[in-house]
Protein chains: 2
Amino acid sequence: MPAPSKKPPSAAPPASASLPTRRGRASGGTTLLEVARLAGVSAMSVSRALNAPNQVSPSILAKVRAAVDATGYVANRIAGSLASRRSRLVAAVVPSIAGPVFQGMVQSLIAELAAHDHQLMLGQSGYGTQEEDALLEAIIGRRPDGIVLGGVVPSPAGRRRLAASGIPVVETWDMVADPIDMLVGFSHEAIAATVASFLIERGHRHLGFVGGNHERAARRARAFADAALNRPEGVPASTVVVETVVAPATVRSGRDALREMLQREPRTDAVFCSSDVLALGVVTEAGARGLRVPQDIAVIGFGDLDFAADVSPSLTTVRIDSTRIGQLAAQFIVRRSQGLDVDHARVDVGFSIVPRESA
Amino acid sequence: MPAPSKKPPSAAPPASASLPTRRGRASGGTTLLEVARLAGVSAMSVSRALNAPNQVSPSILAKVRAAVDATGYVANRIAGSLASRRSRLVAAVVPSIAGPVFQGMVQSLIAELAAHDHQLMLGQSGYGTQEEDALLEAIIGRRPDGIVLGGVVPSPAGRRRLAASGIPVVETWDMVADPIDMLVGFSHEAIAATVASFLIERGHRHLGFVGGNHERAARRARAFADAALNRPEGVPASTVVVETVVAPATVRSGRDALREMLQREPRTDAVFCSSDVLALGVVTEAGARGLRVPQDIAVIGFGDLDFAADVSPSLTTVRIDSTRIGQLAAQFIVRRSQGLDVDHARVDVGFSIVPRESA
DNA sequence: TTGAAAGCGCTAACAC
DNA sequence: GTGTTAGCGCTTTCAA
């Protein structure tokens, strides 16, 4: 084995087919250079043939394609990312993918990104600030082309880090007042107020709210209570009882919540749940107690999950276009990574109430 | 601006704090070299202080930490991955994250990987072979430290690609006969046979099966029918009717399936569903038709999803330890990427029947 | 259109 | 323990 210790890097190895056996650093698979040699063209031509085929003559294109097929070459995107400073990777952080709420968004994120040749890295926060900051650091270290935050409110330190990183950030699920960068969401306050009106207009006066133990749910609960207690039309004030459940939302926690709620306020005649899963639990518990839904107690869920229309009674619920949220977030990031300006980077996707049997 | 066009790379720039202003390639953020200069040590010492703190003297460690804090430096893992040939990225492919079946696995994958400083890249197949092969190519291009396949059966070409890539692969959810590499799963045939016996022993003779329109569900259906028709104990043969629903499994498709099943075989007195969501649909439809569950018709689901115990009637179901599947898959890959041998790389995690009210 | 040179930011290997 | 050197495999830049 010849060991030229200080050979300048410019001198190309002899055109043999042998693998490069430099200092002890074993090579992985086929490289661009090997494909180039096989095709009898330069490395740059191979790169162009792969990434910008229309900038290359048909003859080179054919030669490169043949060499790629012969070798089974798959370009190393790590090297490409380092050189081009574009990772084509997007990171998403959600509290937990267990809850069905973010599924639609993550799903459409993946699909939309894939359509633009980007991939998704998925992280779960929700194990405390410590872990969340570590996660953000791990994410920033990968230099993703964008970061999507789903229902996550980073710590002040985390926010600063994100902002300082210069990486495009899309916050979702909430129209926060002071976004880090871009924003695709809806107003939890508006939803709560609308649902409260919906129930009061139908004659309900003893309203309950069931939601998680996080800040967003608390805001929604407050808005719900405010709207119920201070109706502009002068409708008699209602009582409102709030039941907090620990995340994640399950059928069980919905059942438990209704039980406790009825202990605190037996007259409760309508319940707004921050998830259809909780709503299903409330409906189930009501049935087990001989309460009729909606006659004795009305129930409104959130999410319009796929089962909402098909359980019995079918669930009245708040529908969010989570697919659109994912698509917009992906598009914003892809556009940014192409150097384009994103104009409408604060989007409220709105919501609608889907009236069904349960309310 | 001085423009030394052919300066040899060995000559270090003057120790000024100015950003490197080479040829026109703008630098991103702080680099390792800048931290090193600020700390007054070599680049390697910074690298060691960050990645192997115990190989470094306390004094250097302190200087490096100070410099890192001062600059807000976050190491670029793309460069690190390229140099070390370890991306610390693991890819997972599932048919769809919409179905709740893979959630547990993905969740524990993320958590377990995070504990070992790895991240998860998530891809969705299930849009046809074309897209799936493109996805595999995109994944291989990122040189992940491992690939986890969840309920995905790649095309022959895809399998060859994966095998040729040399990347550790863990197939999950099924004890396939000829795995590409590692395997963590359970036997769909064994489950089907056990469920069939369970139902026949309880006196049911007209069994139905509801499952998706994919190969795995078909195998399970076949095994279910075989077990029902050829019982070793000589129990009189049963009739079996199979109802195929299109993925993804929803409450709606479960309801539809029962309706059609009863048209084809009105005597059906027990149904095995390949998902608890389908089972919930079957139970709901049965209720809507005045059939009592389990007296008139027994229902068994699959997955033991979080609602299974808490709906009414509660669902008898097949439980899989999906958390363990994710953990094992992650551990196998992490161990491999550390150069360790993985011995028990074919694990059958088994299953159990959880008897509740519905059967 | 095509190619040569230079380097993206880091770490493995080797010397001290 | 610490530093030096030489890349990892690709793309940007510039020149032909």
Side-chain angles (χ1 to χ4, degrees), chain A residues 3-12 20-36 39-61 63-64 73-87 141-143, chain B residues 3-12 20-36 39-61 63-64 73-87 141-143:
Chain A
S5 190
K6 297 254 168 165
K7 191 169 67 168
S10 59
T21 316
R22 303 180 209 73
R23 272 236 295 215
R25 211 128 139 175
S27 188
T30 312
T31 68
L32 191 76
L33 204 64
E34 287 163 16
V35 174
V41 300
S42 74
M44 261 324 290
S45 289
V46 178
S47 176
R48 290 197 187 100
L50 264 33
N51 299 318
N54 53 342
Q55 286 180 28
V56 137
S57 68
S59 93
I60 284 197
L61 200 55
K63 283 191 245 175
V64 170
Y73 173 70
V74 180
N76 185 332
R77 290 206 173 193
I78 296 176
S81 297
L82 180 59
S84 69
R85 290 128 171 290
R86 292 185 54 198
S87 61
R142 292 197 187 271
R143 306 293 192 266
Chain B
S5 190
K6 297 252 168 166
K7 192 170 67 167
S10 58
T21 317
R22 305 180 207 74
R23 273 235 293 211
R25 210 127 138 175
S27 190
T30 314
T31 68
L32 190 76
L33 204 63
E34 287 162 17
V35 174
V41 300
S42 74
M44 261 326 287
S45 288
V46 178
S47 176
R48 289 196 188 102
L50 263 33
N51 300 317
N54 54 343
Q55 287 180 27
V56 138
S57 70
S59 93
I60 284 198
L61 201 54
K63 282 190 249 176
V64 170
Y73 172 70
V74 180
N76 184 332
R77 289 207 174 194
I78 296 175
S81 297
L82 181 60
S84 70
R85 291 131 167 292
R86 293 185 54 199
S87 61
R142 292 197 187 271
R143 305 294 190 266

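Quick caveat: nothing in here was measured; it's all calculated off a predicted structure. Convention: sequence-line order gives letters A, B, ...; per-chain numbering from 1.
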Worksheet item: Atom CD of B:Glu34 and atom P of C:dC8: how far apart are they, to the nearest Å?
Response: 11 Å

Worksheet item: Is a side-chain donor or acceptor of A:Thr30 paired with a backbone partner of A:Tyr73 at a separation under 3.5 angstrom?
Response: no

Discussion item. Using a heavy-atom cut-off of 4.0 Å across all strands, would you classify B:Ala75 as base, sugar-phosphate, or nothing?
Written reply: sugar-phosphate

Worksheet entry | Minimum-distance nucleotide (side-chain atoms of A:Ser42 versus D:dG9, C:dG3, D:dT11) | C:dG3

Discussion item. Strictly below 4.0 Å: does B:Tyr73 bring a side-chain N or O up to OP1 or OP2 of C:dG9?
Written reply: no

Worksheet item: Considering residues at least two apart in sequence or located in another chain, which fulfil the salt bridge (Lys or Arg N to Asp or Glu O under 4.0 Å) criterion with B:Arg77?
Response: B:Asp117

Item to complete: Please list residues of residues 46-61 of chain B whose heavy atoms come under 4.0 Å from any atom in DNA chain C, ordered by number; otherwise none.
Response: B:Ser47, B:Arg48, B:Asn51

Fill in: Nearest atoms (heavy-atom pairs only) where A:Ser87 meets B:Arg142
O-NH1, 2.9 Å

Practice prompt. Among C:dC10, D:dC10, C:dG9, find the nucleotide with the atom closest to the side chain of A:Ala83.
Written response: D:dC10

Discussion item. I'd like to know if the side chain of B:Ser84 reaches the main chain of B:Gly80, judged simply by a donor and an acceptor atom lying under 3.5 Å from each other, with no hydrogens or angles considered.
Written reply: yes

Worksheet item: Nearest-Å distance, CG (B:Leu33) to P (C:dG9)?
Response: 10 Å

Discussion item. Can you see if the side chain of B:Arg85 gets near the phosphate of D:dG9 - specifically, an N or O under 4.0 Å from OP1 or OP2?
Written reply: yes

Practice prompt. Using the closest heavy atom to pick a nucleotide of DNA chain D for each, name whichever of B:Arg143 or B:Gly40 lands nearer the 5' end.
Written response: B:Gly40

Worksheet item: Under 4.0 Å between a side-chain N or O of A:Ser45 and OP1 or OP2 of C:dG3?
Response: yes

Item to complete: From the options C:dA13, C:dC10, C:dG7, select the nucleotide whose nearest atom is closest to the side chain of B:Leu32.
Response: C:dC10

Worksheet item: Quick one: A:Arg86 CZ to D:dG9 C1', roughly how many Å, whole number?
Response: 18 Å

Fill in: Spacing between A:Ile78 atom CD1 and C:dT11 atom C1', to the nearest angstrom
13 Å

Item to complete: With the side chain counted from C-beta on, respond yes when A:Val46 and A:Val41 share a heavy-atom pair under 4.5 Å apart, and no when they do not.
Response: yes

Worksheet item: Which nucleotide in the set D:dT4, D:dT13, D:dG9 lies at the smallest distance from any side-chain heavy atom of A:Leu82?
Response: D:dG9

Worksheet entry | Interatomic distance where CE belongs to B:Met44 and C1' belongs to D:dT2 [whole Å] | 9 Å

Worksheet item: Are the side chains of A:Ile78 and B:Arg85 in touch, meaning some heavy atoms are under 4.5 Å apart?
Response: no

Response to the item:
Taking every heavy atom of A:Ala39 against every heavy atom of A:Lys63, the minimum-distance pair comes out as O-CD, 3.4 Å

